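Computed from a predicted structure; not experimentally measured.
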Amino acid sequence: MLHVTNGDAAVGPIRAVGVEGGVLPWRDVLHEGPVPGGLPLPRLSEVRADYIASLGWGPADEVRRQFAGRDGALAAAGKEDEVVLWFEHDLYDQLQLIQLLDWFADHPHPRLTLINPPEYLGGITAQRARELFDARQPVTRAQLALGRRAWDAFRGTDPRQLEAVLYAESADALPHLPAALFRLLEEYPATGSGLSRSEEQILIAFSAGPRTLADAYPAAHHDVEDAVWLGDASWMGYVERLAAGAEPLLAWEGDGEGSEPRVSMRRRARITDAGREVLWGRADALWMNGTDRWIGGVHLAGREVPWRWDADEERIAEG
């Protein structure tokens, strides 16, 4: 038996179930960086590994080796009597799940099962893990088809394809996917402010005054999200981008003092006047600083982008 899950936090509870078989953490922040279409898994994993290494999360050779080992374990899954997919309800997990469903649509397994609860797996007890395991369900053809359609749309160059998946009647085959895709679309620059939802929440968290990143992180994410999906390392990248550019929207407190690294949850930051102007709707962050960000297969670059998020209409709008 092979258990595939979102990352290392869930490994312990899965092992506590006491069933035989290996545990394969999928380990990829698919909501960050390029995930272009048209690439087989080995080539896509090289793109992902190079991106993750570029963030300073590990040496490029080592990250590539880890991805290759992960993909090799997946390729050998056909030798297992059963493959169990353990994934949560949040955006981080749902993107991993549709990637795997797309892969299994091409590589059918006679006993592919799914555990997809509306709860976080990392902190569950051994008893709860056993309950979830015993309640696992076979993956259906409808789920494989939806996973493939959603994965193709996510890697495409037109986010309206993802929007179509979100609002399709067939989306209920994976009950947590619509909310996750909706949250992903909210990461497009908003009409008016040019901020993604995450960026807006960060500016709001700092609007009351200077604070450490450790203090701002839960206020800007855990306290305002229906499902927590953004790890602290990814979140700090958002803060860094807001503190950069021609007209930074955040500023570091005490620049040039001491040896505290800039990328640290101990650092303090404050909102700038430009940040307040954007937050109050009197300026556009894109026109100020531009952007350089991938969302799946879409590369947003510069001060003019082809797609924005219309929060009032809950739709993608042409930029």
Quick one: does Arg276's side chain get under 4.5 Å of Phe206's, heavy atoms only?
no
Tyr188 ring center near Trp307 ring center (under 6.0 Å)
no
With clusters defined by side-chain heavy atoms of hydrophobic residues (ILVMFWY) lying less than 4.5 Å apart, directly or transitively, does Leu39 cluster with Leu41?
yes
Euclidean distance, Asp310 CG relative to Thr191 OG1, rounded to 0.5 Å:
4.5 Å
Would you say the side-chain atoms of Glu20 pair up with the backbone N or O of Met1, donor to acceptor, closer than 3.5 Å?
no
If you draw a 6.0 Å radius around CG in Asp134, do more than 12 non-hydrogen atoms from other residues or ligands fall strictly inside?
yes
Given the rule in the salt bridge (Lys or Arg N to Asp or Glu O under 4.0 Å) test, do Asp106 and Arg148 qualify, once you have shown the distances and angles that lead to the verdict?
CA-CA 9 Å; Asp106 275 338; Arg148 161 147 293 180; 2.7 Å; yes
Within the structure provided, determine whether Asp102 and Asp152 are in side-chain contact (heavy-atom separation under 4.5 Å).
yes
Indicate yes or no: does Asp284 engage Arg308 in a salt bridge with an N to O separation below 4.0 Å.
yes
In terms of hydrophobic clustering (I, L, V, M, F, W, Y; side-chain heavy atoms under 4.5 Å; direct or indirect links), are Tyr238 and Ile271 co-clustered?
yes
More than 12 non-hydrogen atoms from neighbouring residues, nucleotides or ligands closer than 6.0 Å to CD on Glu304, yes or no?
no
Sub-3.5 Å donor-acceptor pair from the side chain of Arg303 to the main-chain atoms of Met288, do we have one?
yes
Could you check whether the rings of Trp86 and His3 sit parallel, tilted or perpendicular, using 30° and 60° as the cut-offs?
tilted
For Tyr92 and Glu32, run side chain to side chain donor-acceptor pair (under 3.5 Å): C-alpha distance rounded to whole Å, both residues' side-chain angles, the deciding distance at 0.1 Å, then the answer.
CA-CA 10 Å; Tyr92 176 91; Glu32 303 295 331; over 6 Å; no
Leu132 with Leu85, same ILVMFWY side-chain cluster at under 4.5 Å
no
Exam field: side chain His107 to backbone Trp103, donor-acceptor pair closer than 3.5 Å
yes
For residues Gln96 and Asn6, report the shortest heavy-atom separation together with the two atoms involved.
OE1-CA, 3.1 Å
From CA spacing to verdict: side-chain contact (heavy atoms from CB on, under 4.5 Å), Val35, Trp151:
CA-CA 10 Å; Val35 194; Trp151 182 243; 3.7 Å; yes
Please answer: with hydrophobic residues joined when any side-chain heavy atoms are less than 4.5 Å apart, are Val298 and Val305 in the same cluster?
yes
Derivation and outcome, ring-ring contact (aromatic ring centres under 6.0 Å, His included), residues His31 and Trp229:
CA-CA 9 Å; His31 49 74; Trp229 56 277; 4.8 Å; yes
Glu186 CD to Glu225 CD distance, which is reported to the nearest 0.5 Å:
8.0 Å
CG/Asp50 to CG/Leu55 distance, rounded to the nearest 0.5 angstrom?
11.0 Å
Rounded to the nearest 0.5 Å, what separation is found between the CG atom of Leu30 and the CG atom of Leu97?
11.0 Å
Run the numbers on Gln66 and Arg70 for side chain to side chain donor-acceptor pair (under 3.5 Å), then give the verdict.
CA-CA 6 Å; Gln66 291 175 356; Arg70 182 201 72 173; over 6 Å; no
Side chain to side chain donor-acceptor pair (under 3.5 Å) between Asp90 and His176, intermediate numbers included
CA-CA 7 Å; Asp90 59 84; His176 306 305; over 6 Å; no
Check for a donor-acceptor pair, side chain of Ser207 on one end and backbone N or O of Ile204 on the other, with a separation under 3.5 Å.
yes
Does the cation-pi check pass for Arg64 over Phe67, that is, NZ or CZ under 6.0 Å from the six-membered ring centre and within 45° of its axis?
no
Let me confirm one number: the CZ-CZ distance from Arg27 to Arg48, rounded to the nearest 0.5 Å.
15.0 Å
For Asp273, is the CG atom crowded, meaning more than 12 foreign heavy atoms sit under 6.0 Å from it?
no
Using a 6.0 Å cut-off, check whether atom CZ of Arg282 has over 12 heavy atoms from anything other than its own residue.
yes
Are the side chain of Gln137 and the backbone N or O of Leu114 linked by a donor-acceptor pair below 3.5 Å?
no
Can any side-chain N or O of Asn289 pair as donor or acceptor with the backbone N or O of Glu247 at less than 3.5 Å?
yes
Nearest heavy atoms of Ala150 and Leu162, plus distance in Å:
O-CD1, 3.8 Å
Which heavy-atom pair separates Asp81 from His109 by the least distance, and what is that distance?
O-CE1, 3.5 Å
Under 6.0 Å from the CD atom of Glu119, do we count more than 12 heavy atoms belonging to anything else shown?
yes
Taking it one step at a time, do Glu82 and Arg136 satisfy salt bridge (Lys or Arg N to Asp or Glu O under 4.0 Å)?
CA-CA 12 Å; Glu82 182 178 353; Arg136 69 195 186 281; 2.7 Å; yes
Give the minimum heavy-atom separation between Ala180 and Leu91, together with the two atoms involved.
O-CD1, 3.4 Å
Shared hydrophobic cluster, Val11 / Leu74 (ILVMFWY, side-chain heavy atoms < 4.5 Å)
no
Are Leu44 and Pro36 packed together at the side-chain level, in the sense that at least one heavy-atom pair is separated by less than 4.5 angstrom?
yes
May I ask you to decide if Pro59's main-chain N or O and Glu62's side chain share a donor-acceptor pair within less than 3.5 Å?
no
Counting only N and O atoms by type, is there a donor-acceptor contact under 3.5 Å from the side chain of Arg128 to the main-chain atoms of Pro13?
no
Determine, step by step, whether Trp309 and Phe182 satisfy the ring-ring contact (aromatic ring centres under 6.0 Å, His included) criterion, reporting the C-alpha distance in whole Å, the side-chain angles of both residues, the deciding distance to 0.1 Å, and the verdict.
CA-CA 10 Å; Trp309 175 249; Phe182 187 91; 5.2 Å; yes
Go through Arg160 and Glu163 one step at a time and tell me if the salt bridge (Lys or Arg N to Asp or Glu O under 4.0 Å) criterion holds.
CA-CA 5 Å; Arg160 292 174 299 186; Glu163 190 177 76; over 6 Å; no
Distance-minimising heavy-atom pair for Ser264 and Leu213:
O-CD2, 3.6 Å
Ignoring hydrogens and angles, tell me if any N or O in the side chain of Tyr51 forms a donor-acceptor pair with the backbone of Pro34 under 3.5 Å.
no
Nearest heavy-atom contact between Tyr167 and Glu314 is OH-O, 3.0 Å
Calculate, to the nearest 0.5 Å, the distance between atoms CZ and CD belonging to Phe154 and Gln94 respectively.
12.5 Å
Distance to the ring centre below 6.0 angstrom and angle to the axis at most 45 degrees; does that hold for Arg130 and Phe133?
no
Name the residue from Gln201, Glu199, Glu200 that meets the side chain to side chain donor-acceptor pair (under 3.5 Å) definition with Arg197.
Gln201
Can you find a heavy atom in the side chain of Leu174 that is under 4.5 Å from one in the side chain of Phe87?
no
